[in-house]
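Throughout, protein chains are lettered first and strands after them, A, B, ... in sequence-line order, and every chain is numbered starting at 1. Scope of the values below: all heavy atoms of this structure, side chains included, with no hydrogens, waters or symmetry mates.
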Amino acid sequence: MTSLQLPIHTDRLALRYFEKSDLDHVVAYYALPEVQRYLDWKARDRVEVKAALDAMCQQRRLNRPGDTLTLAVCRQSDDNMIGQVALRWTDATASQAELRFVFNPLFRRQGYATEAVKAAIDIGFQHFNFHRIFARCGADNQRSARLMKAIGMRLEAHYREHALFNGEWDEELHFAVLDREWKRLAKVREVPHRMVA
Amino acid sequence: MELVPDYPVETERLQLRPFCRGDVEAVYAYRCREDVTRWLIDAPMTREAVAEIIQARVGQSSWTRNGDSIFLAVDNRADKATVGEVSLIQRSAEHRQAEIGYIFHPDVQGQGLATEAGRALMSLAFDNAGVHRVYARCHAENEASRRVMERLGMRREAHFREHVLVKGRWDEELVYALLEDEWRLQSAR
């Protein structure tokens with residue numbers, strides 16, 4: 001696939017590759033207990049976050065199934081790092097990708113996460129031509145679940161005690177959206193408010 | 001997880017037993033039918049293909065190692081006719097997860113046989129093997145299979161749309177599940 005033209009700009013944000021020099025910004029949110037409790041990759045201190053960041057710096061291409069593209073999300077006005085979004089190509093024949101995201105709690109309640117996640121889904125459908133994009137979160141991760149519901153992803157699964165996670169039975173939600181559903185949602189978004197009113 | 005059942009496993013009307021090579025004709029009788037395979041990952045099979053899967057399933061009748069699967073033939077106890085097959089697959093030993101499956105000849109549909117066999121599998125999984133969660137999957141339009149899962153007291157956990165291509169077409173899939181606590185509550189009733 002042709003490479004992405006980065007950075008990608010949304011209204012207030014810029015999406016770009018991670019650099020090793022981003023360590024301070026990533027440590028600021030990635031190692032927080034309230035963030036870590038929902039993540040598969042355990043990184044509780046600077047050394048462990050550096051290992052995670054090193055991996056993220058390498059995730060720049062979707063050349064084959066299993067590959068991940070991870071992008072840093074920065075605020076345009078002051079270059080503060082808001083968090084990260086990622087797409088993992090899971091299935092070539094059925095053209096499926098998994099969306100992942102992590103955001104710094106410091107910048108909550110301003111719609112940045114929603115803006116960044118929408119941009120990531122746009123990239124998945126428009127640039128990589130995926131057929132379906134799905135995402136998973138813990139059932140107790142209300143913020144992520146609310147975000148996905150709000151942008152029009154459908155709740156497809158609610159697994160109960162399907163696996164042990166951190167020594168406890170896990171409860172997991174799956175959300176998904178198909179390319180044609182996303183296009184329909186985008187059209188609704190394009191209609192100016194005054195026309196709807 | 002370990003599970004070495006005493007065969008045959010008997011229910012009111014059925015017996016579940018390991019496959020043997022003589023089962024080819026009976027299995028071919030439903031595995032060759034389009035109305036059976038339209039809901040399966042497998043396409044309609046030739047006699048040779050059926051012989052091959054039976055060859056592979058002979059001996060797959062216990063869990064002695066992680067990842068082992070159990071495939072069983074299901075006979076009518078009254079006339080000893082083989083009417084279908086069931087599976088009990090270890091999906092994760094670490095998380096104590098298993099999946100059940102069932103395929104029956106359309107001629108015996110509507111008698112609750114799949115539900116009866118399914119209950120026997122649940123009992124093996126929860127009461128004998130210490131499974132924590134059993135799940136089953138079917139195509140979203142496979143009404144008969146969906147009803148079996150509901151009769152087994154399973155909850156719908158997922159409805160996936162176009163998540164995979166099966167035989168060149170977009171699939172739509174339901175996942176139902178039952179936890180060990182839920183099974184015990186049911187059994188106590």
Side-chain angles (χ1 to χ4, degrees), chain A residues 40 65-66 87-100 121 124-125 128-140 145 148-149 152-185, chain B residues 1 41 43 66-67 89-100 122 125-126 129-140 146 149-150 152-186:
Chain A
D40 293 331
L87 289 170
R88 189 171 68 91
W89 190 9
T90 59
D91 182 335
T93 45
S95 197
Q96 309 275 311
E98 178 177 8
L99 165 77
R100 292 180 172 214
I121 295 175
F125 286 130
F128 293 108
N129 293 313
F130 290 125
H131 178 69
R132 174 175 168 275
I133 293 176
F134 68 96
R136 300 174 294 148
C137 73
D140 59 340
M148 292 192 274
K149 209 171 152 212
M153 296 181 87
R154 282 175 290 100
L155 178 64
E156 285 201 338
H158 185 159
Y159 288 131
R160 286 183 53 203
E161 307 189 10
H162 65 115
L164 287 161
F165 183 67
N166 295 341
E168 287 183 30
W169 287 114
D170 191 42
E171 195 170 332
E172 187 175 87
L173 308 179
H174 286 226
F175 288 84
V177 61
L178 302 173
D179 51 0
R180 62 175 182 279
E181 294 172 332
W182 191 248
K183 273 180 203 131
R184 264 201 313 271
L185 290 164
Chain B
M1 293 184 285
I41 307 279
N66 289 347
I89 296 170
Q90 257 191 93
R91 288 300 183 194
S92 167
E94 185 193 354
H95 304 297
R96 294 195 281 133
Q97 309 281 312
E99 176 173 3
I100 62 167
M122 292 285 190
F126 289 122
V131 170
H132 181 70
R133 174 174 168 271
V134 169
Y135 68 92
R137 301 180 283 172
C138 76
H139 192 282
R146 179 174 58 75
M149 298 191 284
E150 287 168 356
L152 287 169
M154 303 174 90
R155 285 170 291 99
R156 184 186 294 196
E157 288 200 338
H159 183 162
F160 293 117
R161 290 181 52 201
E162 305 187 15
H163 62 305
V164 67
L165 281 163
V166 176
K167 290 180 269 193
R169 300 181 61 171
W170 288 116
D171 191 37
E172 193 171 337
E173 183 179 84
L174 304 178
V175 181
Y176 278 71
L178 190 68
L179 298 171
E180 57 180 330
D181 289 350
E182 295 170 328
W183 168 252
R184 304 222 190 291
L185 270 176
Q186 272 189 41

Option passing side chain to side chain contact (heavy atoms under 4.5 Å, CB included) with E157(B) (candidates E156(A), R160(A), H158(A)): R160(A)
Side-chain donor or acceptor of Q96(A) paired with backbone N/O of E162(B) under 3.5 Å: yes
Backbone of H162(A) reached by a side-chain donor or acceptor of Q97(B) within 3.5 Å: yes
Contact origin within E180(B) toward chain A - heavy atom pairs under 4.5 Å: neither
Structural part of R154(A) lying under 4.5 Å from a heavy atom of chain B: side chain
Over 12 foreign heavy atoms within 6.0 Å of NZ, K149(A): no
Greatest number of heavy atom pairs closer than 4.5 Å to chain A - which of H132(B), R91(B), R133(B): H132(B)
Side-chain donor/acceptor of E161(A) to backbone N/O of H95(B), under 3.5 Å: no
Contacting moiety of E181(A), where chain B heavy atoms sit under 4.5 Å: side chain
side-chain contact (heavy atoms from CB on, under 4.5 Å) between F160(B) and R132(A), intermediate numbers included: CA-CA 11 Å; F160(B) 293 117; R132(A) 174 175 168 275; 3.6 Å; yes
Heavy-atom proximity to chain B below 4.5 Å, by part of L164(A): both
Interchain contact, A163(A) with chain B, by part (heavy-atom threshold 4.5 Å): both
Reported OH-to-OH distance for the pair Y159(A) and Y135(B), which is rounded to 0.5 angstrom: 7.5 Å
Nearest atoms (heavy-atom pairs only) where D91(A) meets H163(B): OD2-O, 4.5 Å
Which portion of R156(B) sits near chain A, non-hydrogen atoms under 4.5 angstrom: neither
Region of V164(B) in contact with chain A, defined by heavy-atom distances below 4.5 Å: both
